[in-house]
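Encoded as structure tokens, the structure appears first; notes follow it.
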Amino acid sequence: ALPIIYAITPTYGRPVQKAELTRLSHAFRQVPRFHWIVVEDSTARTELVARFLARCGVPYTHLHVFTPRRFKRAGMPRATEQRNAALTWLRQHRSRRDSGVVFFADDDNTYSLELFEEMRSTRGVSIWPVGFVGGRAYERPLVSGGKVVGWYTGWRPDRPFATDMAGFAVNLQVILANPRAQFKRRGSQPGMQESDFLKQITKVTDLEPKANNCTRVLVWHTRTEKPHLANEPKHRKDTVAIEV
Ligand code: UDP
Ligand code: MN
């Protein structure tokens, strides 16, 4: 059987949350052997997300962990605790017998179905280009002789792994074999989460280039505009309560 793709999605309550999750689910439900680990940044599982997941047509696990307020400041890495909660769940609920690939799928990105075909064969850690990051149209690993030899990026090319969260996947057995590997807050500079994590589990020379030797963009770091809600009524609300 194909290895199961475990997509880890941190998500938090805001006006566009359900729209984002809906868009993601439309891609994910077309991917065979797929398991969606949705981790809410909240003190409890919310009704909105629970109801959504129950109806979305994607096999899922619904977790939550609240980010402490002191970590919710500009310039601080986002969703560290949520991604770690998902890694903990995998380590508790999956074993040496399970074949799988783990991928970090933020809720606002755009995913090509081909991306999942590419990552499915990840033996250790695989890597590919990502659109709209690093201050450029795309960022990508430079590949020579089937190995990553450098990075095409507009931002901090000195990063050990100049990739975005959406630019790599990890075999489930690598996650299980490195039980202490996790995303760090302490000592992690902004934009260094990916490098800090990857250096705990792999080396640049061991990375497996995907997407035609990292020459195709199959995922985009899109960001959703905040909807204009200045005309929301303060008192005379609608006659029915409608979930958005
Ligand atoms: N996120 C979260 N809590 C927050 C902010 C973000 O769980 O307080 C999630 C968000 O839903 C997304 C991921 O963390 O899945 C990355 O956040 P965002 O897309 O805002 O980061 P950016 O695209 O700006 O790097
Ligand atoms: Mn984002």
Side-chain angles (χ1 to χ4, degrees), residues 5-28 34-46 48-50 52-53 56 58 60-89 102-112 115 128-139 153-156 159 161-170 182-185 188-198 217-227 244:
I5 291 173
Y6 294 93
I8 295 172
T9 300
T11 185
Y12 69 110
R14 67 224 193 260
V16 298
Q17 183 178 33
K18 193 172 167 188
E20 302 282 35
L21 295 175
T22 298
R23 197 162 44 84
L24 254 57
S25 73
H26 291 171
F28 295 169
F34 188 95
H35 188 107
W36 198 6
I37 305 179
V38 176
V39 192
E40 285 197 76
D41 181 351
S42 57
T43 50
R45 292 179 188 86
T46 65
L48 182 144
V49 174
F52 167 80
L53 287 172
C56 77
V58 181
Y60 67 92
T61 294
H62 185 185
L63 307 174
H64 71 91
V65 54
F66 188 59
T67 307
R69 277 256 311 278
R70 66 183 182 282
F71 294 147
K72 288 226 178 195
R73 273 178 274 142
M76 285 204 156
R78 302 193 175 120
T80 305
E81 290 74 19
Q82 288 73 27
R83 295 190 188 98
N84 286 337
L87 293 176
T88 299
W89 184 88
V102 179
F103 169 61
F104 297 97
D106 286 357
D107 65 0
D108 56 342
N109 294 339
T110 304
Y111 304 94
S112 162
L115 180 68
W128 53 77
V130 179
F132 313 140
V133 279
R136 294 190 177 175
Y138 62 86
E139 200 172 67
T153 179
W155 187 74
R156 289 202 59 175
R159 284 175 289 163
F161 298 84
T163 185
D164 182 74
M165 207 57 80
F168 63 92
V170 184
Q182 58 168 2
F183 291 93
K184 291 189 284 184
R185 283 216 173 266
S188 183
Q189 299 164 275
M192 294 300 279
Q193 285 224 104
E194 295 84 351
S195 280
D196 285 338
F197 179 71
L198 287 169
V217 174
L218 300 176
V219 57
W220 297 263
H221 185 253
T222 44
R223 300 181 77 189
T224 303
E225 187 181 355
K226 272 196 183 134
V244 181

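Note that the coordinates shown come from a computational prediction; the quantities given were computed from them, not determined experimentally. Whatever order the structure lists them in is the order used to number ligands and atoms, beginning at 1.
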Report task. Go through the steps for W89 and H64 under the test ring-ring contact (aromatic ring centres under 6.0 Å, His included), then give the verdict. Result -> CA-CA 11 Å; W89 184 88; H64 71 91; over 10 Å; no
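- Under the 3.5 Å distance criterion, with hydrogens and angles disregarded, no donor-acceptor pair is assigned to the side chains of E139 and T163.
- For F183 and F104, the gap between ring centers is short of 6.0 Å.
- Among the atoms of D108, an N, O or S atom falls under 2.8 Å of the Mn ion (ligand 2).
- The nearest heavy-atom contact from the protein to atom 1 (N) of ligand 1 is Y12 CD2, 3.4 Å.
- An N or O contact shorter than 3.5 Å links D107 to ligand 1 by distance.
- Near D41, meaning under 4.0 Å from one of its heavy atoms, ligand 1 places the atoms 2 (C), 3 (N), 4 (C), 7 (O), 8 (O).
- Put simply, the residue from T22, T46, T11 that forms a side-chain hydrogen bond (donor to acceptor under 3.5 Å, both in side chains) with Q17 is T11.
- Looking at atom 21 (O) of ligand 1, its nearest protein heavy atom turns out to be R78 NH1, 3.1 Å.
- At the top of the distance list for atom 8 (O) of ligand 1, counting protein heavy atoms only, stands K72 NZ, 3.0 Å.
- The only member of V38, L87, N84, T61 that meets side chain to side chain contact (heavy atoms under 4.5 Å, CB included) when paired with I8 is L87.
- The shortest N/O to N/O separation between T9 and ligand 1 does not fall below 3.5 Å.
- Nearest residue to atom 16 (C) of ligand 1 from D106, I8, V16, V39 is D106 (criterion: closest heavy atom).
- Using a 4.0 Å cut-off to heavy atoms of T11, the atoms of ligand 1 that qualify are 7 (O), 11 (O).
- Here Y111 and F28 bring their ring centres to under 6.0 angstrom of each other.
- Across the listed options A105, P10, G13, P10 owns the non-hydrogen atom lying nearest to atom 15 (O) of ligand 1.
- When non-hydrogen atoms are compared, ligand 1 lies under 4.0 Å from neither the backbone nor the side chain of E20.
- Ring geometry for W128 against F103 counts as tilted: the plane angle lies between 30° and 60°, on a 0 to 90° scale.
- Checked by atom type, the side-chain pair T67/R78 shows no donor-acceptor distance below 3.5 Å.
- Contact atoms of ligand 1 toward D108: 19 (O), 23 (O) (distance under 4.0 Å to a heavy atom of the residue).
- Summary of contacts: the protein heavy atom closest to atom 23 (O) of ligand 1 is H221 NE2, 3.0 Å.
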